[in-house]
Amino acid sequence: MEMMRSSLILSTIEALQARLKGSAFIPGDTGYEQASQPWNLNFNHRPTVVVMAKNTRDIVEAIRFAGLNDLGVAIQATGHGVSLAADNAVLINTSQMQDIRVDAITQTAWVEAGVKWGSVLEQTQKFGLAPLLGSSTDVGAVGYTLGGGMGWLARKFGLSADNVNFFEMVTADGHVVHASQEENSELFWALCGGGGSFGVVTGMEIKLYPVTTVYAGNLMYPIQSAKEVFVHYREWIANAPDELTSSIVIMNFPPFPQVPDFLRGQSFAIVRGCFAGPVEEGEKLLQWWRQWQAPIVDDFKGMPFSMSGMISNEPNDPMPGQVSSIWLRELSDEMLDVMIRYAAAPSPLTVVEIRHAGGAIARVKAGTNAYGNRDASYILETVGITPTPEASDVCHKYVKEFKQALQPYSTGGVYINFLEGAEKWEQTKLAFSPETYQRLRVLKAKYDANNRFRFSFNIPAAVNDATQMSLENRTKPSSN
Ligand SMILES: Cc1cc2nc3c(=O)[nH]c(=O)nc-3n(C[C@H](O)[C@H](O)[C@H](O)COP(=O)(O)OP(=O)(O)OC[C@H]3O[C@@H](n4cnc5c(N)ncnc54)[C@H](O)[C@@H]3O)c2cc1C
């Protein structure tokens with residue numbers, strides 16, 4: 001039966017290839033590995049077919065092919081945010097869809113599915129405009145936005161998902177639809193923060209903001225001062241203006257030769273931030289720190305926003321990593337003690353960061369779109385470098401224990417963009433209010449009742465109980 005199935009696929013793959021502007025690869029083809037490999041080397045997709053899509057038409061063909069062969073459909077722009085391994089699936093790789101069109105008059109940009117934030121930043125800064133990108137310029141704009149998208153301008157201008165004018169999407173039955181406030185508004189509501197499971201977004205039009213210079217950087221203090229630094233930070237942000245989006249970080253620099261001498265193998269308590277207002281005001285804000293205790297490193301300065309990727313300085317090269325997160329209600333003394341205890345070396349974690357949310361994110365009324373947990377103020381993210389299965393295992397267990405210890409201070413919600421792997425799939429529900437999750441399930445039934453897009457957020461279609469059980473059985477996560 002299995003053999004018949006593979007020969008069936010082989011016979012139709014040639015027909016698929018003939019209809020594509022891009023390419024289709026099956027296991028064994030040159031190009032298959034490269035097209036399937038996510039940025040995060042901890043994951044390894046083994047799709048039945050991978051389609052390097054060049055345009056919307058290619059995506060339509062790939063989805064129809066999946067339908068004919070009863071395969072799932074997974075999507076990859078960069079592989080920064082993998083949920084489930086794309087096995088028994090057509091993996092649509094959008095990385096060659098690179099169109100960006102900036103309209104300086106309306107302050108908007110059309111961004112195609114495969115575009116990374118770095119390219120959008122480069123194109124928009126030419127006009128003195130900025131997109132609402134995140135801390136890494138290497139992340140895909142569409143994938144980031146579908147999960148919410150919280151970056152250095154978030155407290156001032158909100159989430160990326162709150163700043164989309166419209167999406168173009170290919171549905172499970174291969175139709176191209178537009179979603180905006182006016183057209184398919186329920187789908188638009190879902191894609192803004194609850195997306196990724198309803199179809200393949202081919203591109204989106206986003207709002208841009210006039211930001212050219214920011215006052216941004218890092219203050220690095222000895223790890224021994226972590227508690228006083230973080231308590232001081234709590235006071236700093238208590239009345240901080242929305243122009244300031246900031247975070248506190250415990251960083252354990254790995255003992256790698258490429259790390260500068262004075263950082264290699266060392267741990268630091270870091271205050272990181274970006275002030276999107278006049279440079280002089282940013283400088284004034286920093287006096288709070290400079291008059292307090294001299295940090296080991298102080299690189300806060302006025303900088304072009306085009307350099308904003310330097311603030312967090314995250315790696316662009318593919319790496320094996322494990323990310324997790326938890327929303328916190330407070331930065332109480334007790335919570336900070338837990339953070340420091342688990343984050344500072346010896347710890348299998350390289351980075352533990354708490355980002356300050358609120359501001360413009362919280363000013364949007366809950367339920368305006370699918371994005372949940374708007375009222376939560378602090379998102380704690382953990383990052384471990386996990387080059388071996390043993391390291392992954394150690395990190396996984398450690399983070400589980402760490403998050404357990406943080407439970408008393410947590411809102412109970414999750415931020416879907418800062419989860420990955422099976423955890424992202426298992427905890428999807430916690431990213432939304434119960435009403436929103438149910439509404440997403442109803443929409444899923446309308447757009448993808450057979451759960452073809454099952455490798456993203458776990459949103460089972462709202463159906464009767466018997467159908468529900470059979471759907472759940474066929475969508476259990478496979479381990480990677
Ligand atoms: C180094 C690093 C820094 C980050 N910084 C931030 C940050 O500052 N703020 C923040 O909010 N998040 C951040 N993230 C998280 C990131 O936004 C998510 O992981 C996001 O899902 C990545 O999208 P991608 O397209 O790059 O990755 P991919 O792995 O290619 O895609 C992730 C998922 O997005 C969905 N998707 C992607 N493209 C499409 C499409 N065209 N149509 C439908 N679904 C699609 C799919 O479900 C896919 O599985 C960061 C992640 C990393 C690794």
**Request:** Could you tell me which non-hydrogen atom of Ile311 sits nearest to which non-hydrogen atom of Gly273, and how far apart they are?
**Result:** CG2-O, 3.9 Å

**Prompt:** For Gln125 and Thr212, does a side-chain donor sit closer than 3.5 Å to a side-chain acceptor?
**Reply:** no

**Prompt:** Looking at Met150, Glu381, Arg355, which hits side chain to side chain contact (heavy atoms under 4.5 Å, CB included) with Tyr415?
**Reply:** Met150

**Asked** Is there a donor-acceptor contact under 3.5 Å from the side chain of Asp448 to the main chain of Phe453?
**Response** yes

**Message:** Run Arg454 and Asn88 through side chain to side chain donor-acceptor pair (under 3.5 Å) and show every step you take.
**Reply:** CA-CA 11 Å; Arg454 52 182 172 265; Asn88 288 322; over 6 Å; no

**Message:** For Gln34, I'd like to know if atom CD has over 12 heavy atoms of other residues, nucleotides or ligands within 6.0 Å.
**Reply:** no

**Message:** When you measure from the side chain of Ser410 to the backbone of Gly412, do you find a donor-acceptor pair of N or O atoms at a distance under 3.5 Å?
**Reply:** yes

**Prompt:** Do Arg374 and Asp162 have side chains that get closer than 4.5 Å, going by heavy atoms?
**Reply:** yes

**Message:** Aromatic contact between Tyr32 and Phe25, with the criterion being ring centroids under 6.0 Å apart: yes or no?
**Reply:** no

**Message:** For a side-chain contact (heavy atoms from CB on, under 4.5 Å) check, start with the C-alpha distance between Cys274 and Leu244, then their side-chain angles and the critical distance, and finish with the verdict.
**Reply:** CA-CA 6 Å; Cys274 175; Leu244 179 69; over 6 Å; no

**Prompt:** Got a donor-acceptor contact below 3.5 angstrom from the Gln98 side chain to the Ser95 backbone?
**Reply:** yes

**Message:** Looking at Ala357, is its backbone amide N or carbonyl O close enough to the side chain of Arg155 to form a donor-acceptor pair, meaning the two atoms are under 3.5 Å apart?
**Reply:** yes

**Message:** Can you confirm whether Lys429 is buried at NZ, in the sense that more than 12 heavy atoms of other residues, nucleotides or ligands lie under 6.0 Å from that atom?
**Reply:** no

**Closest contact, heavy atoms only, Pro131 versus Thr124** = CD-OG1, 3.4 Å

**Message:** Is any side-chain heavy atom of Leu121 closer than 4.5 Å to one of Phe305?
**Reply:** yes

**Centroid separation Phe198 to Tyr447 less than 6.0 Å** = no

**Request:** Inspect the contact between Arg329 and Asp375 and indicate whether a charged nitrogen and a carboxylate oxygen are less than 4.0 angstrom apart.
**Result:** no

**Item:** Near-ring test His356/Tyr378, centroid separation under 6.0 angstrom
**Value:** yes

**Item:** Nearest heavy-atom neighbours spanning Ile75 and Gly199
**Value:** CD1-O, 3.8 Å

**Complete:** In this structure, NE2 of His80 is separated from CH2 of Trp39 (nearest 0.5 Å) by 4.5 Å

**Message:** Working to the nearest 0.5 angstrom, can you tell me the gap between Asp58 CG and Gln96 CD?
**Reply:** 9.0 Å

**Item:** Ser197 and Lys444 side chains, donor-acceptor separation under 3.5 Å
**Value:** no

**Item:** Test item: Asn55 side-chain N/O and Arg57 main-chain N/O as donor-acceptor pair under 3.5 Å
**Value:** yes

**Asked** How far apart are the closest heavy atoms of Ser160 and Val164, and which atoms are they?
**Response** O-CG2, 3.5 Å

**Asked** Counting only N and O atoms by type, is there a donor-acceptor contact under 3.5 Å from the side chain of Thr436 to the main-chain atoms of Phe432?
**Response** no

**Prompt:** Is there a donor-acceptor pair under 3.5 Å between the side chain of Asp103 and the backbone N or O of Ala109?
**Reply:** no

**Request:** Heavy atoms only: give me the nearest Thr145-Trp117 pair and the separation to one decimal.
**Result:** OG1-CZ2, 3.8 Å

**Request:** To the nearest 0.5 angstrom, please state how far the CG atom of Leu443 sits from the CG atom of Leu187.
**Result:** 6.0 Å

**Request:** Check the surroundings of atom CD in Glu186: do more than 12 heavy atoms from other residues, nucleotides or ligands lie under 6.0 Å from it?
**Result:** yes

**Message:** If only side-chain N and O atoms count, and only distance matters, is there a donor-acceptor pair under 3.5 Å linking Thr94 with Gln76?
**Reply:** no

**Item:** NZ/NE/NH1/NH2 to OD/OE distance under 4.0 Å, Glu112 and Lys54
**Value:** no

**Asked** Distance-only, no hydrogens or angles: does the Arg441 side chain make a donor-acceptor pair with backbone N or O of Pro460 under 3.5 Å?
**Response** yes

**Item:** Verdict with reasoning, Ser306 to Glu122, per side chain to side chain donor-acceptor pair (under 3.5 Å)
**Value:** CA-CA 7 Å; Ser306 57; Glu122 195 185 322; over 6 Å; no

**Message:** Is there a side chain to side chain donor-acceptor pair (under 3.5 Å) between Lys424 and Gln427? Walk through the geometry before answering.
**Reply:** CA-CA 5 Å; Lys424 182 167 173 177; Gln427 298 197 354; over 6 Å; no

**Test salt bridge (charged side-chain N to carboxylate O under 4.0 Å, His left out) applied to Arg272 and Glu353, step by step** = CA-CA 10 Å; Arg272 180 174 282 170; Glu353 177 166 20; 3.8 Å; yes

**Pair Tyr342 + Tyr398: ring centers closer than 6.0 Å** = yes

**Message:** Would Glu420 and Asn40 count as a side chain to side chain donor-acceptor pair (under 3.5 Å) here? Give the steps.
**Reply:** CA-CA 10 Å; Glu420 61 184 16; Asn40 187 338; 3.3 Å; yes

**Message:** For the CE atom on Met310, are there more than 12 heavy atoms of other groups (residues, nucleotides or ligands in this structure) within a distance under 6.0 Å?
**Reply:** no

**Phe418 backbone acceptor or donor facing Ser325 side chain under 3.5 Å** = yes

**Asked** Do Thr386 and Gln322 meet the criterion of a side-chain donor-acceptor pair at a distance under 3.5 Å?
**Response** no

**Prompt:** Would you say the side-chain atoms of Gln17 pair up with the backbone N or O of Gly22, donor to acceptor, closer than 3.5 Å?
**Reply:** yes

**Message:** Please give me the minimum heavy-atom distance between Gly72 and Ala66, naming the atom from each residue.
**Reply:** O-CB, 4.1 Å

